[in-house]
Amino acid sequence: MIPRDSFRTPEVLEAFSIANEWRERHLVAMRQIRAQLAATNRALETGGVTAARLKRMPAIRRKLRRLNHKLSEIQDLGGYRVILPTIEDVRRFSERLQQSDRHQLLDTNDYIHRPKKDGYRSLHLLLNHDDQRFPEQKGLKIELQVRTHLQHAWATAVEALGLYLRVNIKGGGGSESWRRLLMLMSCEFAESEGCPPVRSAPIGEERRREIVELDRQLGAQAKLDNLAYGFQVIERYVIDRFAKYLLLRYDHEAKTIDVETFTEAPDTEISNVAWP
């Protein structure tokens, strides 16, 4: 284990300071791009939803270690997600953005028509911030993820299951059965949207039979239902109380949840609990 004091050396503290300053510089660029996204939404009347994300320092450190990148080479430090009703809305929105001369489009990754092998589907646009009013932000890269509600629901389920199961499904963790089920469900969603599925996946009835069997083995629908109930309860407690930790006990048969609150993490080990 690395000694805690090793993180407080002058060199390490200076590195953290530089990284935080670089991270904060992206905020101005993100505000400018947010205004452009809002204007595009209004012009196209898509009813789209946008959400911003500035990558947190622990995630930045993990990516630097994993990819052996320089800080300035991380392309998704600042990002926006645009969630739209239909595939046609995604097409219109992306075309409108690419016709704009306000920011330079550096790269496009179309994971909707070429989904990743795990089933992930979204359109990624990498923008180079180029607003003459803010020359100090020139050259900062902002990633846009443009997706449909259905694609977003799938991605959210992957995140939520990862928390529930305490595994990094996005990073290839967890059981092969769970990853297989999520990939097959993505293919079903793709088919419903008139888009290509994962290339190696089975099709039609064969795919659906495998989905039913994997659900039977994993109890997937019950777990997803529990998560849905849990998030509804958590929202009420976030509004009404100031508990730092919540322990949720699910009763799937009765469709009820018992909630115990804590101001500090419990000392005792509790199994099958997903902590926030």
Side-chain angles (χ1 to χ4, degrees), residues 19-57 59-60 63 71-116 119-160 170 186 189-190 192-195 231 235:
N20 271 308
E21 182 181 355
W22 178 251
R23 179 178 179 271
E24 294 296 320
R25 283 183 60 193
H26 285 72
L27 285 174
V28 174
M30 290 176 69
R31 292 190 189 104
Q32 301 308 311
I33 289 178
R34 179 178 62 186
Q36 182 181 3
L37 297 179
T40 303
N41 254 330
R42 288 193 298 269
L44 297 177
E45 299 181 341
T46 61
V49 177
T50 62
R53 187 268 297 140
L54 191 61
K55 191 179 284 293
R56 293 176 295 173
M57 282 304 300
I60 292 172
K63 191 158 193 175
L71 185 62
S72 60
E73 293 175 335
I74 296 181
Q75 297 185 348
D76 61 345
L77 198 152
Y80 264 97
R81 186 169 292 150
V82 183
I83 305 164
L84 301 165
T86 68
I87 288 290
E88 176 63 16
D89 291 328
V90 170
R91 184 192 64 76
R92 292 169 59 225
F93 194 95
S94 63
E95 285 181 356
R96 184 69 171 255
L97 280 179
Q98 293 179 54
Q99 291 166 3
S100 172
D101 59 0
R102 188 167 180 180
H103 302 292
Q104 179 187 5
L105 179 66
L106 294 178
D107 195 17
T108 300
N109 285 307
D110 188 351
Y111 298 121
I112 293 177
H113 292 93
R114 293 185 300 277
K116 291 187 176 182
Y120 176 82
R121 298 189 303 130
S122 182
L123 177 65
H124 289 202
L125 305 173
L126 184 63
L127 299 182
N128 185 28
H129 186 262
D130 191 15
D131 193 321
Q132 300 302 318
R133 297 171 297 170
F134 302 95
E136 65 276 11
Q137 266 73 46
K138 183 178 176 65
L140 294 182
K141 299 178 180 65
I142 303 295
E143 183 187 64
L144 302 186
Q145 298 176 2
V146 189
R147 59 178 61 158
T148 65
H149 289 304
L150 196 55
Q151 292 159 11
H152 184 64
W154 180 89
T156 301
V158 171
E159 295 270 9
K170 281 176 60 176
S186 173
F189 294 161
S192 73
E193 292 184 319
C195 297
F231 286 131
E235 287 177 358

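We number each residue from 1, following the sequence as shown.
- Tyr80 places a side-chain heavy atom less than 4.5 Å from the side chain of Met30.
- When the options Val146, Val82, Ile83, Ile33 are evaluated for a side chain to side chain contact (heavy atoms under 4.5 Å, CB included) with Thr50, the one that passes is Val82.
- Counting only heavy atoms from C-beta outward, the side chains of Asp89 and Thr148 never approach each other to under 4.5 Å.
- Under the rule for a ring-ring contact (aromatic ring centres under 6.0 Å, His included), the partners of His124 that lie at least two apart in sequence or sit in another chain are Tyr111, Tyr120.
- Among pairs with a residue in residues 144-160, those fulfilling salt bridge (Lys or Arg N to Asp or Glu O under 4.0 Å) read Glu159-Lys170, at least two apart in sequence or across chains.
- Pro115 approaches Arg121 most closely through the heavy-atom pair CB-CG, 3.7 Å.
- In this structure, CD1 on Ile142 lies 13.0 Å from CG on Leu125, to the nearest 0.5 angstrom.
- Leu105 is listed as a side-chain neighbour of Leu127, based on a closest heavy-atom distance under 4.5 Å.
- With rounding to the nearest 0.5 angstrom, the CG atom of Leu126 is 9.5 Å from the CD atom of Gln104.
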For a quick test of your reading: what N or O donor-acceptor pairs under 3.5 Å do the side chains of residues 37-47 make, sequence neighbours left out?
residue, atom, partner, partner atom, Å
Thr40, OG1, Gln36, O, 2.9
Asn41, OD1, Thr46, OG1, 2.5
Thr46, OG1, Gly48, N, 3.1

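- The shortest non-hydrogen separation linking Ser186 to Trp154 is CB-NE1, 3.5 Å.
- How far CD of Gln151 is from CD of Glu193: 4.5 Å, rounded to the nearest 0.5 Å.
- The structure places CZ of Arg96 at 13.0 Å from CD of Gln98, a figure rounded to the nearest 0.5 Å.
- The distance from the CD1 atom of Ile112 to the CD1 atom of Ile87 is 4.5 Å, given to the nearest 0.5 Å.
- Look at Glu95 and Arg92 and you find no salt bridge, because none of the NZ, NE, NH1 or NH2 atoms lies under 4.0 Å from a carboxylate O.
- Rounding to the nearest 0.5 Å gives a distance of 10.0 Å between CZ of Arg91 and NE2 of His113.
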